[in-house]
Peer 1: 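My structure is below; once you've seen it, I'll send some questions.
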Amino acid sequence: MKRQEIKEILSSEAFGSTIKVNGWVRTKRESKNVNFINLNDGTVIHNLQIVADVNNFDENILKKINTGAAISVVGELAESGGQQRVELIAKEIEVIGEADPDKYPLQPKRHTLEFLREIAHLRMRTNTFSAIFRIRHAMIYAVHTFFNNKGFFNMHTPIITASDAEGAGEMFQVTTLDMSNPPRNEDGSIDYSQDFFGKKTNLTVSGQLEGELAAMALSKIYTFGPTFRAENSNTSRHLAEFWMIEPEMAFYDINDNMDLAEEFLKYLIQYALDNCMDDLEFLSQRLQQEEKDKPADQRSMELIEKLRFVANNDFIRLTYTEAIEILENSKHNQKGKFQYPVKGFGTDLQSEHERYLVESHFKKPVILTGYPASIKAFYMKLNPDGRTVAAMDVLFPQIGEIIGGSQREENYEVLVEKMEKMGVPVEEMSWYLDTRRFGSVPHSGFGLGFERLITFVTGMGNIRDVIAFARTPKNCEF
RNA sequence: UCCCUAGUAGCUCAGUUGGUUAGAGCGGCGGACUGUUAAUCCGUAGGUCGUAGGUUCAAGUCCUACCUGGGGAGCCA
């Protein structure tokens with residue numbers, strides 16, 4: 001008999017028909033005459049209630065039906081008199097895999113996210129994490145759908161790279177050399193000519209530079225791949241291994257770039273609202289339980305309301321210079337409430353400043369542009385004023401920078417000059433500079449941290465809870 | 001990497017100014033009862049108090065170092 005998935009069973013009208021279902025036991029309630037088993041197979045957040053008449057089953061089988069056990073049930077679909085619409089009256093039950101209740105860590109009780117993080121191999125079996133990973137899948141699908149609909153081409157850019165000039169952070173080295181006895185040059189330095197690729201190599205910190213090469217041929221491309229940063233970052237919004245989406249578009253200026261970024265984010269959020277409502281409602285309820293313990297002024301907007309708000313309202317766009325002005329004139333600053341006082345053009349914006357703009361001043365997502373050239377990467381296009389660049393950061397409440405991007409410097413001479421000024425090795429990058437030598441055009445792109453998006457959409461507080469197995473400093477379990 | 005904070009039963013926590021045999025709730029197990037909803041009620045087992053040193057007649061409690069978790073900062077997506 002073919003197994004049916006709980007998602008379809010729960011919307012079925014075929015009362016009286018005999019069906020088979022497989023899944024994992026969430027809870028069992030024992031009565032004198034019947035046992036109630038809540039079964040979940042991960043296809044949907046809701047459980048199917050199995051009703052087992054104790055007189056029809058061997059006591060030893062019922063005893064093995066504990067929280068976490070995998071079972072297969074054949075039974076008759078029936079209307080339920082309880083909280084659920086349908087239930088399954090069991091005729092046959094097979095215990096496929098037992099779960100010793102004395103040892104199985106997930107018991108029917110509230111667990112903290114910190115504890116569940118330690119048992120990440122089992123936490124997908126909880127409502128919270130199964131919801132998160134279903135939403136994560138939907139967002140992956142939505143990313144590809146969005147770009148495909150717009151005529152973008154997906155590029156797989158290299159994971160291993162010899163370029164250490166991307167300037168996006170510390171890199172993980174990739175080597176096959178014997179670490180305890182590496183070959184050495186006469187001066188004592190390591191001889192990488194004997195390494196696998198004949199040179200020093202690392203894991204990629206960004207696919208952008210290769211993405212630019214592709215955009216100079218295919219017009220509009222995007223990458224969606226793993227990204228590795230060996231920064232010693234211990235925060236709720238950083239991972240050493242994460243997934244990044246990087247579109248790159250020829251003939252797009254900074255305004256086209258902003259339009260795309262805003263449309264993209266709204267599309268993704270709307271997609272979640274249209275396709276993941278069951279899971280979002282569950283996560284929302286979970287969050288509201290948590291919020292109950294907080295003082296009223298620290299509570300955040302309800303999850304679904306927040307997502308609708310972002311999907312339906314225009315983002316605020318302003319320049320760095322305007323932002324500095326707002327911050328300088330704010331009562332917050334004049335009362336000295338910023339830990340880092342705002343002192344005119346050139347000061348790098350701190351988290352507290354970004355949060356003030358997004359969460360207190362505008363209460364909306366903000367796109368900041370026109371940053372001082374001195375605090376941004378070499379490849380960003382220099383504005384006519386000669387001191388700012390066409391950079392853009394999209395700032396979201398709670399998570400801060402969700403997108404970072406820019407129009408790229410397409411002028412060969414200007415780019416080389418900036419590289420030399422910032423210590424980027426020009427000769428090693430000649431392949432990159434070729435795009436500016438031959439048929440150079442204005443172009444733009446940005447990077448979206450996928451897990452930061454998922455953090456926002458699910459309302460989770462820690463980025464380690466929206467990736468299956470988080471890699472962070474001193475942590476590479478599973 | 002820096003600042004703050006925590007580590008006591010499977011989980012979440014309490015444990016007074018250092019003072020006898022270390023407590024609760026949840027979960028587990030046993031039983032009662034019941035078409036139940038994380039069922040309810042009664043009973044029961046379960047702890048090298050993060051690790052290593054130190055102070056003291058006496059340390060879960062005080063001191064030092066280290067490890068790990070959490071919050072914040074920097075770096076960024």
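Each chain gets a letter, A, B and so on, in the order its sequence line appears, and its residues count up from 1. Values reported hereafter were calculated over all heavy atoms of this structure, with side chains retained and with hydrogens, waters and symmetry mates removed.
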Peer 1: Would you mind telling me which of B/U68, B/G69, B/G35 lies closest to the side-chain atoms of A/Lys474?
Peer 2: B/U68
Peer 1: Checking contacts here: which listed nucleotide (B/C29, B/A73, B/G70) is nearest the side-chain heavy atoms of A/Asn66?
Peer 2: B/C29
Peer 1: Out of B/U37, B/G35, B/A73, which has the shortest distance to the side chain of A/Arg29?
Peer 2: B/U37
Peer 1: Does a salt bridge link A/Asp253 with A/Arg408, judged by any charged N lying under 4.0 Å from a carboxylate O?
Peer 2: no
Peer 1: Between B/U68, B/G74, B/U36, spot the one nearest the side chain of A/Ser31, thanks.
Peer 2: B/U36
Peer 1: Would A/Phe242 pass as stacked on B/A77, i.e. its ring centre under 5.5 Å from the base's six-membered ring centre and planes under 30° apart?
Peer 2: yes
Peer 1: Using a 4.0 Å heavy-atom cut-off, does A/Lys376 contact any base of the nucleic acid, only the sugar-phosphate backbone, or nothing at all?
Peer 2: nothing
Peer 1: With the threshold set at 4.0 Å, does a side-chain nitrogen-carboxylate oxygen contact exist between A/Glu359 and A/Lys364?
Peer 2: no
Peer 1: Taking 4.0 Å as the cut-off, does a side-chain nitrogen or oxygen of A/Thr227 come that near to OP1 or OP2 on B/A77?
Peer 2: no
Peer 1: With respect to the phosphate group of B/U1, does any side-chain polar atom (N or O) of A/Ser233 fall under 4.0 Å of OP1 or OP2?
Peer 2: no
Peer 1: Mind telling me whether A/Phe396 and A/Phe315 have parallel, tilted or perpendicular rings, with 30° and 60° as the class edges?
Peer 2: perpendicular
Peer 1: With a 4.0 Å cut-off on N to O distance, would you call A/Lys266 and A/Glu262 a salt bridge?
Peer 2: yes
Peer 1: Looking only at the side chain of A/Lys109 (C-beta and beyond, no hydrogens), which of the listed nucleotides B/C11, B/G35, B/G74 gets closest?
Peer 2: B/C11
Peer 1: Mind checking whether A/Tyr222 and A/Phe147 have parallel, tilted or perpendicular rings, split at 30° and 60°?
Peer 2: parallel
Peer 1: When you measure from the side-chain N and O atoms of A/Ser236 to the phosphate of B/G72, is any distance below 4.0 Å, counting only OP1 and OP2?
Peer 2: yes
Peer 1: Indicate for each nucleotide in nucleotides 40-52 of chain B, in 5' to 3' sequence, whether protein heavy atoms under 4.0 Å reach the base (B), only the sugar-phosphate (S), or nothing (-).
Peer 2: -------------
Peer 1: Scan nucleotides 3-6 of chain B against the protein and return all N/O pairs shorter than 3.5 Å with their distances rounded to 0.1 Å.
Peer 2:
none

Peer 1: Please state how far atom CG in A/Asp348 lies from atom C1' in B/G74, giving the value in whole angstrom units.
Peer 2: 10 Å
Peer 1: Identify which nucleotide among B/G28, B/G35, B/G70 has an atom closest to any side-chain atom of A/Arg117, counting heavy atoms from C-beta outward.
Peer 2: B/G70
Peer 1: Under a 3.5 Å distance rule, please check whether A/Lys220 uses its side chain to pair with a backbone N or O of A/Lys150 as donor and acceptor.
Peer 2: yes
Peer 1: Would you kindly give the CG-to-P distance between A/Leu106 and B/A38, to the nearest whole Å?
Peer 2: 17 Å
Peer 1: Please check if the distance between the ring centroids of A/Phe146 and A/Phe264 is under 6.0 Å.
Peer 2: yes
Peer 1: What about A/Phe345 and A/Tyr320, are their ring centers closer than 6.0 Å?
Peer 2: yes
Peer 1: Counting only side-chain N and O atoms of A/Arg464, is one of them less than 4.0 Å from OP1 or OP2 of B/G70?
Peer 2: yes
Peer 1: Do the side-chain N and O atoms of A/Arg237 and A/Asn462 include a donor-acceptor pair separated by under 3.5 angstrom?
Peer 2: no
Peer 1: Looking only at side-chain N and O atoms, does A/Arg237 come under 4.0 Å of OP1 or OP2 in B/G71?
Peer 2: no
Peer 1: Could you go through the salt bridge (Lys or Arg N to Asp or Glu O under 4.0 Å) check for A/Glu451 and A/Arg136 one step at a time?
Peer 2: CA-CA 9 Å; A/Glu451 283 77 13; A/Arg136 186 178 165 113; 3.0 Å; yes
Peer 1: Looking only at the side chain of A/Gln107 (C-beta and beyond, no hydrogens), which of the listed nucleotides B/A39, B/G27, B/U1 gets closest?
Peer 2: B/G27
Peer 1: Can you tell which of B/G28, B/U1, B/U37 lies closest to the side chain of A/Gln49?
Peer 2: B/U37
Peer 1: Output the single nucleotide from B/A77, B/G35, B/U34 whose closest atom is nearest the side chain of A/Arg229.
Peer 2: B/A77
Peer 1: Counting heavy atoms from C-beta on, name the nucleotide in B/G35, B/G71, B/G30 closest to the side chain of A/Asn462.
Peer 2: B/G71
